[in-house]
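Here is the structure we will look at.
Only this structure's heavy atoms are used, side chains among them; waters, hydrogens and symmetry mates stay out.
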Amino acid sequence: MVGGGDSKAGDISFAGTFASSAFAACFAEICTIPLDTAKVRLQLQKKAVAGDIGIALPKYKGMLGTVATIAREEGLASLWKGIVPGLHRQCLFGGLRIGLYEPIKNLYVGDNFVGDVPLTTKILAGLTTGALAISVANPTDLVKVRLQAEGKLAPGVPRRYSGALNAYSTIVRQEGVRALWTGLGPNVARNAIINAAELASYDQVKQTILKIPGFTDNVLTHLLSGLGAGFVAVCVGSPVDVVKSRMMGDPSYKGTIDCFVKTLKNDGPFAFYKGFIPNFGRLGSWNVIMFLTLEQAKKFVKSIESA
């Protein structure tokens, strides 16, 4: 379990940890996906090039402005576009990355290790579980981004996909099974990095807070640790997150390097932090909700397993 040095991996079973993690991740996803939809739209929005004819001013401006524009033009329900594959993703990715974190961390330090686990080991464990988990869950991420990227269509223009299951089957039929792993490179990089930033920083911040007199393993500690994890994650992961979203939303890119170079050339270095505010709003609130829920879910599972 992700803890501050006060819990052992054997407190609850792997199945219990997986179920708690999947539930917490899904609950956080439902609460924050409108911000994620706004983030994806901002990341996919390209800068107008001087001399281009018919290029309008940017449609989306800021997190709240983007949320308002989507709700006004496409309806409130559009903010939850991609929620079905998003939940698919969190069940797989959330359950695996968090469920495997303690076992992998213990594997790296060895059975006879005593004391606080070094931060470098926590980061390595987070990188490992993030990469493994997203390699399994990449198709769900791809479908989620494609559904979120589709805005308001002109009258009579059919939607690309009628829903999540239709998107999976359409992609396989039209582009092949391998297409479900489009953007795997930047996605592995993004999720390994963000997972390490989230889990290692949460682990480290919680461990540090619990050493301060007066602090205990309670909701306030979990809240502060979750905010710290979200801030570190978005600072570290924004550039690869932008590349991942653009590759998944626009199949014209030839690969990760091509996407990175074209984004840098056409939109400038600040493009890699497009959607930073909604990304932090999303990841910050997501981490707070997820970790608060996770800690309570683990306590519930532990009470069942120890009964």
Determine, step by step, whether W286 and D36 satisfy the side-chain contact (heavy atoms from CB on, under 4.5 Å) criterion, reporting the C-alpha distance in whole Å, the side-chain angles of both residues, the deciding distance to 0.1 Å, and the verdict.
CA-CA 10 Å; W286 192 96; D36 191 56; over 6 Å; no
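- The only member of T121, T120, T128 that meets side chain to side chain donor-acceptor pair (under 3.5 Å) when paired with Y108 is T128.
- Note that OH of Y253 and CG of D258 are 8.0 Å apart. Values are rounded to the nearest 0.5 Å.
- For the atom pair NZ (K298) and OG (S303), the distance works out to 13.5 Å, reported to the nearest 0.5 Å.
- A continuous path of hydrophobic side-chain contacts links L42 to W80 [ILVMFWY only; heavy atoms under 4.5 Å].
- Of all heavy-atom pairs spanning G226 and V288, the tightest one is C-CG2, 4.0 Å.
- One hydrophobic cluster holds both L142 and Y161 under the rule that ILVMFWY side chains link at heavy-atom gaps under 4.5 Å.
- Counting heavy-atom neighbours within 6.0 Å of K299 NZ, excluding the residue itself, gives a total above 12.
- Heavy-atom minimum distance, W181 versus S135: NE1-O, 2.9 Å.
- Looking at N138, its side chain does come within 3.5 Å of a backbone N or O of L180 through a donor-acceptor pair.
- Side chain of N195 to main chain of N191: no donor-acceptor pair is present (N/O by atom type, distance under 3.5 Å, no hydrogens or angles).
- One hydrophobic cluster, built from ILVMFWY side chains closer than 4.5 Å, holds both I212 and L224.
- Using a distance-only test at 3.5 Å, with no hydrogens or angles considered, no donor-acceptor pair links the side chain of N187 to the main chain of G183.
- I134 and R89 make their closest contact through CD1-NH2, 4.0 Å (heavy atoms, listed as atom of the first residue, atom of the second, distance).
- Contact annotation: the side chain of F215 approaches that of L220 to within less than 4.5 Å [non-hydrogen atoms, C-beta and beyond].
- At least one side-chain heavy atom of E198 sits less than 4.5 Å from a side-chain heavy atom of L283.
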Is there a salt bridge (Lys or Arg N to Asp or Glu O under 4.0 Å) between E73 and R41? Walk through the geometry before answering.
CA-CA 14 Å; E73 293 187 353; R41 295 288 182 89; over 6 Å; no
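- When all heavy atoms of T32 and A28 are compared, the pair lying nearest together is OG1-O, 2.8 Å.
- Here the CG atom belonging to L294 is positioned 5.5 Å from the CD1 atom belonging to I98, to the nearest 0.5 angstrom.
- You'll find the side chain of Y168 reaches within 4.5 Å of the side chain of P85, heavy atoms only.
- At distances below 3.5 Å, not a single donor-acceptor pair connects side-chain atoms of Q90 with backbone N or O atoms of E29.
- Within 6.0 Å of CG in L119 there are more than 12 heavy atoms belonging to other residues, nucleotides or ligands.
- Side-chain atoms of Q45 come within 3.5 Å of backbone N or O of K59 as a donor-acceptor pair.
- Between the side chain of N218 and the backbone N or O of T221 there is at least one donor-acceptor pair closer than 3.5 Å.
- In terms of modelled atom types and a separation under 3.5 Å, the side chain of Q207 and the main chain of D116 share no donor-acceptor contact.
- Ring geometry for F18 against F14 counts as tilted: the plane angle lies between 30° and 60°, on a 0 to 90° scale.
- Residues Y202 and N287 have side chains not in contact (no heavy-atom distance under 4.5 Å, counting atoms from C-beta outward).
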Start with the C-alpha distance between V143 and H88, add both sets of side-chain angles, then the distance that settles side-chain contact (heavy atoms from CB on, under 4.5 Å), and finish with yes or no.
CA-CA 10 Å; V143 169; H88 294 167; over 6 Å; no
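- Between the side chain of S21 and the main chain of T17, a donor-acceptor pair closer than 3.5 Å is present.
- Of all the heavy atoms in G94 and A25, the pair that sits closest is CA-CB, 4.2 Å.
- Annotation: the span from D217 atom CG to H222 atom NE2 amounts to 3.5 Å, rounded to 0.5 Å.
- For F272 and F260, the distance between ring centers is under 6.0 angstrom.
- Residues K262 and R246 form no side-chain contact, since every pair of their non-hydrogen atoms from C-beta on lies 4.5 Å or further apart.
- Residues Y273 and V242 fall into different hydrophobic clusters, defined by Ile, Leu, Val, Met, Phe, Trp and Tyr side chains chained together at heavy-atom separations under 4.5 Å.
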Kindly indicate, with the supporting measurements, whether the criterion side-chain contact (heavy atoms from CB on, under 4.5 Å) is fulfilled by L96 and L132.
CA-CA 8 Å; L96 287 172; L132 289 172; over 6 Å; no
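- In terms of heavy atoms, A197 sits closest to V232 at CB-CG1, 3.8 Å.
- A heavy-atom distance below 4.5 Å is found between the side chains of K206 and L210.
- Using a 4.5 Å cut-off on side-chain heavy atoms (C-beta onward), L199 and F291 make contact.
- Annotation: side chain of L227 is not in contact with side chain of F231 (no heavy-atom distance under 4.5 Å).
- Between T37 atom OG1 and E74 atom CD the span is 9.5 Å, to the nearest 0.5 Å.
- Going from atom OG of S169 over to atom CD of Q174 covers 9.0 Å, rounded to the nearest 0.5 Å.
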Evaluate I33 against I30 for side-chain contact (heavy atoms from CB on, under 4.5 Å), listing each step before the verdict.
CA-CA 6 Å; I33 199 170; I30 292 170; over 6 Å; no
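- One hydrophobic cluster, built from ILVMFWY side chains closer than 4.5 Å, holds both L92 and L100.
- Within a 6.0 Å sphere centred on CZ of R178, heavy atoms belonging to other residues, nucleotides or ligands number 12 at most.
- Judged by distance alone, the side chain of S238 and the main-chain N or O of C235 form no donor-acceptor pair under 3.5 Å.
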